[in-house]
Structures are given as structure tokens and as C-alpha cells.
Amino acid sequence: MTQIRLTNTRTRTKDVFVPLDASNVRLYLCGPTVYDRAHLGNARPVLVFDLLVRLLRHDYGAEAVTYVRNFTDVDDKINAEAQRRKAAGSPLTLEELVAERSEETIAWYHADMDALGADRPDHEPRATAYIAQMIEMTADLIAKGHAYAAEGHVLFDVRSFPAYGKLSGRSVDDMIAGARVEVAPFKRDPMDFVLWKPSEADVPGWDSPWGRGRPGWHIECSAMSAALLGPSFDIHGGGLDLQFPHHENEIAQSCCAHPEASFATVWLHNEMLQVEGKKMSKSLGNFFTVRDLLDQGVPGEVIRFVMLSTHYRKPMDWTEAKAAEASQTLSKWYWLTDGVGAGDLPEGFIDALANDLNCSGAHTALKAAARAGRNAELRAGMEFLGYWPADRKLSAWARDEVQKQAHFAEHSYPRLELSGLSWKLQGAREKAAVSKDFSEVDHLKTALLAAGVEVRMLKGSVELVPGPNFDPEKIAGLN
RNA sequence: GGCGGGUUGGCGGAGAGGUUACGCACCGGAUUGCAAAUCCGUGAAGACCGGUUCGAUUCCGGUACCCGCCUCCA
């Protein structure tokens, strides 16, 4: 068992990870709002958690980890798209159109994240399937004196929760002082946030004790994590942009609803994504989705490698140069490990990952293995990091790269030996080096080439690699 | 304005209070009858100013610059 250390936003230190229950390690990642294609930034937390889950499964056992990532399918942007389709003449109801939009977006999301080699979570709950739990939790918060109804809304009373602001290091008073937006008049405190809000007739809604309406943004994660993982679980994560207000509000809701529980022990936040040194934004014209990159021919493996190369707590800059370098490295690795069985993991590999997911360090361990020709170790590490799919079949891109490498390696890279003949050839070569009579060497080499064998003359040895047209019959006489 | 994070060699990117990170690129050399997407190696850093220390890129303080968040935006 390796000691895993993670930087916990809650404690602001890198702590040794101790699960509440080692036989059931539980994680929750805030998933996407399914109104459109996932952009590249959305992929980062997915890959960080994919890596974390792989490490935890390695440590605690595949069955001892439960990973939940939600789909937020209650959102005004989805509603807006549904209303647009309705206005365009769709015969479906608004609710059906919302579901339709969510369905297609979720399918895209799955396809895109699959292409990045991210394993699906154990549970992918949709907010719309947990409305009852949200209503129940909201009512409970009112009953416990932490929320109040006003003008069809239900608001969380931040003053009722002294720890409000602790996660993000803010005080309610400071935030009010810096507030720049007009405050709804029915709020008791400017920082109070919505648990439930009324829905007009042309917007999807659910019946509730406070009238027809829909949940606020934050309550879904509190309700779904409690339903699937219990009120206390181990790791909760997401992008740094979610730290406030989303995660802060989740903590307020969950801790007040379940005062006996601890909610999430560890909070993990990944830094944001940049593109060529600048923030990714539609106005700068550098905004793109995962699908855009895939369509441009950037392989999912390469996107994954680039993403995992930068530590999750540092801003990640997506650049063409990084993609090119990643492509080169992976190309070589696939070539080295194609057809090789996975061995032990390289030295230092797990230690690096266990140290707050230092994947760059894990890559270093793989580079060392590649350099030393420990291909079985390289293969094991690649599989661990998700560069080989579970079915161990290469993507079209990777297969292509392997063939290119094989072609280029006509005279270079050591792989496997046709023992005996390589010995013989090397022996002849050593003699020829002295006698300068290369006829025997040439004879052997020509025969081998004719039999479809690649002949690689290396310093001190000869590598013989059977090619696609290898015919053992033709070299039978050479031994 | 408030809060949080960052600043490492040409580029990318880590760990560690005191020994070469590593990769890519560059340069030098080697190996080779031919051949290199082969091998070996050198150089190159820690934004700035102070402080703590025998010693700091690593700890502390300040400055500059950059990034994110600041009530329904994921």
C-alpha cells in the first residue's frame, strides 16, 4: 500500500490521504452542464480524476472505489435551446425538448471523454432524476432554520452557517463589501443563495411546497452526493472556478442538512486551462471543444498526454508545440510496447503519482524505462496512465505511428532477436571488421532480407526482426 | 477593491534546505563497410529586493507582473 498525499483545498496543505472506509473509497466530481459540446477546459478535471481513480483503485482495489460524476441537466441554457426548437416548430413538449438536448449533449460528452481514454465513472446521475431529493433537502434546511421561503424562492441563509466562506478563504462581510451586483430585495443577506426558484409557464418546472419551480444550481450536487455516496465521503473535486461559490454553497447546504456528517474530507481543485498563454474565450477566437481538436486530427492520446504533463494545480497552457512533442513521445512509446506484455511498473512511478498526482514525474519514470529498454515496464506504465485502452487495441492513429516507426527503424531500434542467426551474423561481422572481407556478412544479410527479416546493425550486436512478409522457410538453411 | 493561486534554463516541466531532475531543441563527441527518428556528453535556471541559515531556487516578508474567482457562469 502506497501512502497517497493530496493537496486539500480545505486544509490548504498536502495531507496524507486516509479514506473513511478503505473498502469503499468515495469520490464525487462536479460534471458538466449538458447544454453544448465540452470545451477543452472541461476535460481537465475529468482527466485529473481519471488519474486519481486509477491510483486509488491500484492502492485500495478496483472494487473498493466508487466514483460519481453528475450531469447537470437543469439549466437555463438548455431551456433556451428547448424554447428555440419549440419556436422553430418542433411538435415535442418543452420538457421533451429539454430531454432531447440533454440526451444528445451527454452522448457527445461520452464520445469525447472516451476518446481521451477517460474511464466512465461508476455513477453518472442526472439532476432531473434527483429533484425529489433536492426538494426534500431544501425542506429539511428550512425546518432546521438554515433556509427560508420568499416570493416563490427558497434561499439559504448564509448567516446561519458560521463556516460559510472557509473553503475559499472569504468572509461574508468582505464579499458584501466587494459585491458589485444588485441584490434581490427578498434576500435577508446579500450573500444568500437560491435553493429553489419559481418557473414561469414556458420554462420546465416541478411541483414543490413552494409552487412550481426548479432547483438552484448548487443543491443538486449536495443531494446527489448524499444519495449515492452518503453524507460523508472522501474526495470532492472540480475546477478551481467552482471553489466559489459552487463548492462553498454545497458545503453550506450539506453540512447544515447533515450536521452529524463530515461531507467531503478532501477537496481537490484543478487550475484552469489556457491556450497559447491566454485565457480560452470566444472573444479571443481561441475557444475550442475537445471535438474540434479530434476533428483536426489531434489524437485523443495526445490530448491526454499534454493534459497529464502539467500538474493539476498549475495553470495548463495548451499549445501546438506541446501537442507535437507529446505526439513524438507517444509514437515512440507505442512502437516500443506494441506486442509487449505489461511487466512491473517502473521504479518511482507510483511514488510520483502518490505525491499529489505528480504525473510529470510518472512520465519521467516511463522515459527512463524507455531509454533503458525496459519495454515491459513502459507498457505497464502506459496502461496505468490510460495510454492503452482497456481492450489493448491501439487507435488508428497509434497503429499508424507504430508502422511509421517500424519503417524508420529499418536500421535502428532493438526489439527482438531471431536468436542463433543474429549471433551468427554478429560473429561474421566481427571477423569482417578485422579481415575487411564482408562477403559472409553480406551473404547472410541478403538472405535474411530476402526472407522478409529486418536486419539492424547495432553497436556490438545485430537485431533481426521478422517483417510482415517473413518466411521462415527461406532461412531454414542458414542455421 | 476583496480573496486565492502562480512566476524555474531556448521551450516544456518536477522534486528536494546542501549532490545532474527529466524531456524536447541546440551544440560537441562517439559508434558505423553503408545507415540513424543510434549512443555518450557539455552548456544553460529559479521574476526582483530583503530576512532566517554555515548554506535557499526550496522557508519567511515585501515589490512587480500574470491568472482565476467575487450571488445562478460552468
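Reminder, nothing fancy here: chain letters follow the sequence lines and each chain counts from 1.
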Quiz item: A:Tyr312 has an atom OH; how far is it from atom C1' of B:G68, in whole Å?
Solution: 17 Å

Quiz item: Is the shortest side-chain N/O distance from A:Lys322 to OP1 or OP2 of B:G13 below 4.0 Å?
Solution: yes

Quiz item: Expressed in angstrom and rounded to an integer, what is the separation of A:Trp267 atom CH2 from B:G5 atom P?
Solution: 17 Å

Quiz item: Which nucleotide sits closest to the side chain of A:Glu325: B:A21, B:A74, B:C24?
Solution: B:C24

Practice problem: Could you check whether A:Asp75 gets within reach of a base, just the sugar-phosphate, or nothing at all, counting any heavy atom under 4.0 Å? | Solution: sugar-phosphate

Quiz item: Between B:A74, B:G15, B:C72, which one does the side chain of A:Lys197 approach most closely?
Solution: B:C72

Practice problem: Quick one: label A:Pro245 by what it contacts on the DNA or RNA (base, sugar-phosphate, nothing), any heavy atom closer than 4.0 Å. | Solution: base

Practice problem: Would you mind telling me which of B:C69, B:G13, B:C73 lies closest to the side-chain atoms of A:Trp217? | Solution: B:C73

Self-check item: Closest-nucleotide 5' rank along RNA chain B - winner of A:Pro32 and A:Thr364
Solution: A:Thr364

Exercise. Take the angle between the ring planes of A:His363 and A:Phe305 and call it parallel below 30°, perpendicular above 60°, tilted in between.
Key: parallel

Quiz item: Does a side chain donor of either A:Glu124 or A:Asn70 reach within less than 3.5 Å of an acceptor in the other side chain?
Solution: no

Quiz prompt | Salt bridge A:Arg304-A:Glu301, side-chain N to carboxylate O under 4.0 Å | solution = no

Quiz item: A:Val194 side chain: which of B:U8, B:G15, B:C72 is closest?
Solution: B:C72

Quiz item: Which nucleotide in the list B:C24, B:C73, B:U7 gets nearest to the side chain of A:Lys314?
Solution: B:U7

Exercise. May I ask you to verify whether the side chain of A:Lys77 and the base of B:C73 hold a donor-acceptor pair under 3.5 Å?
Key: no

Quiz item: B:A36 and B:G17: how far apart are their P atoms, nearest whole angstrom?
Solution: 46 Å

Quiz prompt | Under 3.5 Å side-chain donor-acceptor pair for A:Tyr164 and A:Asn249 | solution = yes

Quiz prompt | P atoms of B:G2 and B:U42, separation to the nearest Å | solution = 49 Å

Self-check item: Inter-nucleotide C1' distance (B:G46, B:C39), Å rounded
Solution: 31 Å

Quiz item: Taking atom P in both B:C3 and B:A45, what distance in whole Å separates the two?
Solution: 37 Å

Practice problem: Check RNA chain B for consecutive Watson-Crick or G-U pairs with both distances under 3.5 Å and list the runs of at least three as stems. | Solution: B:1-7 with B:64-70, B:10-12 with B:22-24, B:27-30 with B:38-41, B:47-51 with B:59-63

Practice problem: Provide the distance between the two C1' atoms, one in B:G41 and one in B:A25, to the nearest whole Å. | Solution: 16 Å

Self-check item: Atom-to-atom span, NE2 of A:His311 to C1' of B:U7 - whole angstrom
Solution: 16 Å

Quiz prompt | A:Tyr148 six-ring centre to A:Arg188 NZ/CZ under 6.0 Å and within 45° of normal | solution = yes

Quiz item: Between B:C22, B:A74, B:G68, which nucleotide gets closest to the side-chain atoms of A:Met272?
Solution: B:G68

Quiz prompt | B:U63 and B:C73, which share atom name C1', separated by this distance in whole Å | solution = 34 Å

Self-check item: Separation of the C1' atoms in B:G55 and B:C70, to the nearest angstrom
Solution: 43 Å

Quiz item: Choosing from B:G12, B:A25, B:G15, which nucleotide comes nearest the side chain of A:Asn355?
Solution: B:G15

Practice problem: Would you mind classifying the nucleic acid contact of A:His246 as base, sugar-phosphate or nothing, using non-hydrogen atoms under 4.0 angstrom? | Solution: nothing

Quiz item: Cationic tip of A:Arg379 within the cone over A:Trp388's six-membered ring, i.e. under 6.0 Å and within 45° of the normal?
Solution: yes

Quiz item: Take atom CG in A:Asp344; do more than 12 heavy atoms of anything else shown fall under 6.0 Å from it?
Solution: no

Quiz item: With no hydrogens and no angle check, do the side chains of A:His218 and A:Glu248 hold a donor and an acceptor under 3.5 Å apart?
Solution: no

Quiz prompt | Rounded interatomic separation in angstrom, taking NE2 from A:His247 and P from B:C72 | solution = 17 Å

Practice problem: Can you see which heavy atom on A:Asp356 is nearest to which on A:His311, and at what distance? | Solution: O-CE1, 2.7 Å

Quiz prompt | Nucleotide of B:G4, B:U71, B:C73 approaching A:Lys187 most closely (side-chain heavy atoms) | solution = B:U71

Practice problem: Round to a whole Å and report the spacing from CD of A:Gln328 to P of B:G12. | Solution: 17 Å

Practice problem: Describe the nucleic acid contact of A:Gly31 in one word from base, sugar-phosphate, nothing, applying a heavy-atom distance below 4.0 Å. | Solution: sugar-phosphate

Quiz item: Quick one: A:Leu330 CG to B:G12 P, roughly how many Å, whole number?
Solution: 19 Å

Self-check item: Among B:C67, B:A74, B:G12, the nucleotide that comes nearest once only the side chain of A:Gln274 is considered
Solution: B:C67

Quiz item: OP1 or OP2 of B:C22 less than 4.0 angstrom from a side-chain nitrogen or oxygen of A:Arg371, does that happen here?
Solution: no

Exercise. Tell me what A:Asp76 touches on the nucleic acid: a base, only sugar-phosphate, or nothing, going by heavy atoms under 4.0 Å.
Key: nothing

Exercise. Nearest whole angstrom, please: distance from the C1' of B:C22 to the CH2 of A:Trp333.
Key: 11 Å

Quiz item: Reckon A:Phe244 touches a base, only the sugar-phosphate, or nothing at all at heavy-atom distances under 4.0 Å?
Solution: sugar-phosphate

Practice problem: In whole angstrom, give the distance that lies between atom CD of A:Glu220 and atom C1' of B:A74. | Solution: 11 Å

Quiz item: Using the C1' atom in both, what is the distance from B:G6 to B:U31, to the nearest Å?
Solution: 46 Å

Quiz item: Which part of the nucleic acid does A:Asn358 contact within heavy-atom distance under 4.0 Å: base, sugar-phosphate only, or nothing?
Solution: sugar-phosphate

Practice problem: Could you pick out which residue, A:Lys14 or A:Leu242, lies toward the 5' side of RNA chain B when each is mapped onto its nearest nucleotide? | Solution: A:Lys14

Quiz item: Which nucleotide in the set B:A74, B:G13, B:G23 lies at the smallest distance from any side-chain heavy atom of A:Thr310?
Solution: B:G13

Quiz prompt | A:Lys14 atom NZ: more than 12 heavy-atom contacts under 6.0 Å | solution = yes

Quiz item: Will you find, in the side chains of A:Arg212 and A:Ser199, an N or O donor that is under 3.5 Å from an N or O acceptor?
Solution: no

